[in-house]
Amino acid sequence: MKAPRVGIIGVGQSVFTSRRDDASYPDLVREAVVQAMTQSGLDFDAIDGTVYSLSPDAMVGIGNAERLGVDAVGGRYKPFLRINTGGATGISAVAAAYYHVASGACDVVLTAGADKVGECGDSQTVLNKIWDPIYERPLPQGTITMLAMSAVRYRDKYGMTEEDMARVVVKNRYHASLNPNAHLNKTVTVEDVMASRYISWPIKLMDCCPQSSGGGAMVLASEEFIRDNKLDAVWITGAGHCSETYYLGDRMGKGQLADHADAYALGKALGRAYEMAGITDPQKQIDVAELYAPFSNTEYHSIEAAGLCEIGTAVPQVNEGRFSIGGDIPVNPSGGTLCTNAIAVTAMIRVAEIALQVWGKAGGHQVKGAKRGVASGNGGDHQFFGAMVVEA
Amino acid sequence: MELLKRTETWNITYTHALGETASWFFVQLRDNKKIYGRRDAKTGRVLVPPRAFSDQTLEPTTEWVEVGPGGRIEAFTIVYEEFQGLPPPPYAFGFVMLDGADTGIGGFFRGLDLSDPAKAAEQIAVGTRVTTKFAEERIGDISDFWFETD
């Protein structure tokens, strides 16, 4: 069955920072919603339902904060659904909105959310609690340590130095310097990154994403509605998802099904999105990518999972500038998750940024001539993955 | 204008049940200084830490299999940053494929000088052989054992 086309008609995002003491949590949600609604040109009566993007409650410190957020999305008397797949939440929310439209259940769906990670004091303390309380939480596992272990295995398997990792930071911070919405938007050098302190070897402070606050929103509509109302849109032509099992120790050693060095399930999600979009050669057919990579080393296996280079070859190609703005296939021209991470909406911003790119509305970090791009999101114990292809 | 803040602390005590499988595992660890996995009868894989069912076949695991005490490091990290409510740094931990196991188990690496990160990382590189050590006083918890390089 050929899937019906679903259009993106509005995008909103905050200027992300550590704290937003001028705005309560619902104020931040509304800020992004107003932007997306303004761009769409619609009023709230046109919205048939809302998908609410909210990852672990403890990050904002409000249990089931979607209860507070419902007013900020104009949700009263309408269908309302909260989505949480950890770091992948934002792209899962866009996917849920997409399926509501693609199925014919709704003509227009709003998806929105916000996070205030800067208010939680210590996100790793919150994220340690996503591990099971029996075997792994007491270790104490966390998202930085989990992905430091991926770095260790990637390094062992393919070769990667700490200076290589620093070059990913230099690239993305430069990209972020062109993006007024990015949180960490000052350029840095390899020496700066190398001089920053170790957090979880081999990951240093500057190899890590920040703890950001801000909101995100998108309005999706059916092709028929867009045509009938003569709206401007870009199109979601592929959507794919894939999950991985829980136990990290299953992704190593002789019995492994997928190596923790790589991002096997992410590759499956991206492959499914490509198949739906009719993409057979991503290196030739993808103009720009926004791939969820919260630590410098994770950009390598994400680029490889997206088929933008062969597995195990991303390091030299990042170093040569192939994935920088001005290169062959810019990856994370917004600065990406490494420079801005308001967790509940981070993966939504990946899709929103690709929409802006193929629309030609990305501003200072616009990739010239971009017509087709791909976005991804990762969540949980490197476990829940989503991908979307967006085209002009 | 003056912008105000309000501080809240979440401090909730949960008493988690370990269930039959993890309870048996931790009793053996506590009382006999032994580490066991569970065999998935269909695939033959020995799952460590032990689980009641296989995530591949969804069938119940059928047999206890003693593993270790030797093993091979599969992944590690060394934490140098302090996080709220987590152990004081530095500490090293990671995953070890114990002899006879098909999946890695998480544990701390002890007996290392962690003051020089690069040197410490070299000592626990992927592939390094380790032996399981047991605490004198064991309480039936993951902290009852750790790994030391051979």
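FYI, side chains are in, hydrogens and waters are out, and symmetry mates aren't considered; it's all heavy atoms of this structure. Naming convention: chains lettered A, B, ... in sequence-line order (proteins, then strands); numbering from 1 in each chain.
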When the 4.5 angstrom heavy-atom criterion is applied to A:Asp156 and chain B, the contacting part is side chain
Chain B shares the most heavy-atom pairs under 4.5 Å, among A:Ile203, A:Leu248, A:Leu139, with A:Leu139
Interface moiety of A:Ile62 toward chain B, non-hydrogen atoms closer than 4.5 Å: backbone
Which distance, rounded to the nearest 0.5 Å, do you find between the OG1 of B:Thr128 and the CD1 of B:Ile73? 4.5 Å
Ranking B:Glu82, B:His16, B:Arg72 by heavy-atom pairs under 4.5 Å to chain A gives rank one to B:His16
Is a side-chain donor-acceptor pair under 3.5 Å present for B:Asp113 with B:Ser115? yes
Proximity breakdown for A:Ala58 and chain B, heavy-atom pairs closer than 4.5 Å: both
Segment of A:Tyr247 engaging chain B (4.5 angstrom heavy-atom cut-off): side chain
Ring-ring centroid check A:Tyr135 B:Phe25, cutoff 6.0 Å: yes
Under 3.5 Å, is there a donor-acceptor pair between the A:Tyr300 and A:Asp164 side chains? no
Does A:Asp262 pair with A:Lys157 as a salt bridge, N-O distance under 4.0 Å? yes
Does any part of the side chain of B:Asp99, heavy atoms only, come nearer than 4.5 Å to the side chain of B:Arg129, both counted from C-beta? yes
Identify which part of A:Asp22 has an atom lying under 4.5 Å from any heavy atom of chain B, answering side chain, backbone, both or neither. both
If you count the non-hydrogen atoms of other residues, nucleotides and ligands that lie under 6.0 Å from CZ in A:Arg173, is the total more than 12? yes
Contact winner vs chain A - B:Ala120, B:Ala121, B:Ala125, heavy-atom pairs under 4.5 Å: B:Ala121
Residues of residues 83-93 of chain B with any heavy atom under 4.5 Å of a heavy atom in chain A: B:Phe83, B:Gln84, B:Leu86, B:Pro87, B:Tyr91, B:Phe93
Atom group of B:Glu8 that falls short of 4.5 Å from chain A, counting heavy atoms: neither
Does the plane of the ring in B:Phe147 sit parallel, tilted or perpendicular to the ring in B:Phe145? Use 30° and 60° as the thresholds. perpendicular
In terms of heavy-atom proximity below 4.5 Å to chain B, should A:Arg197 be classed as side chain, backbone, both, or neither? side chain
May I ask you to say whether B:Arg51 pairs ionically with A:Asp132, meaning some side-chain N is under 4.0 Å from a carboxylate O? no
Under 4.5 Å heavy-atom distance to chain B, tell me which part of A:Ile144 shows up: side chain, backbone, both or neither. side chain
Out of A:Ala148, A:Pro133, A:Pro138, which one racks up the most heavy-atom pairs below 4.5 Å with chain B? A:Pro133
Which atoms of A:Gln141 come close to chain B, meaning under 4.5 Å heavy atom to heavy atom: side chain ones, backbone ones, both, or neither? both
Tell me yes or no: between the side chains of A:Thr337 and A:Thr346, is some donor less than 3.5 Å from an acceptor? no
Chain B contacts, top residue of A:Gln124, A:Arg153, A:His260 (heavy-atom pairs, under 4.5 Å): A:Arg153
Aromatic B:Phe108 / basic B:Arg110 pairing, under 6.0 angstrom, 45° off normal: yes
Look at A:Asp21 together with B:Lys5 and state whether they make a salt bridge at an N to O cut-off of under 4.0 Å. yes
For each of A:Gly142, A:Gly249, A:Ala261, tally heavy-atom pairs with chain B at distances under 4.5 Å, and name the one with the top tally. A:Gly249
Can you say whether B:Ile105 sits under 4.5 Å from chain A via the side chain, the backbone, both, or neither, judging by heavy atoms? neither
Geometric cation-pi criterion B:Arg38 and B:Trp64, 6.0 Å radius, 45° cone: yes
Relative to chain A, which of B:Gly127, B:Ala118, B:Gly104, B:Ser143 shows the most heavy atom pairs under 4.5 Å? B:Gly104
If only side-chain N and O atoms count, and only distance matters, is there a donor-acceptor pair under 3.5 Å linking B:Glu148 with B:Trp146? yes
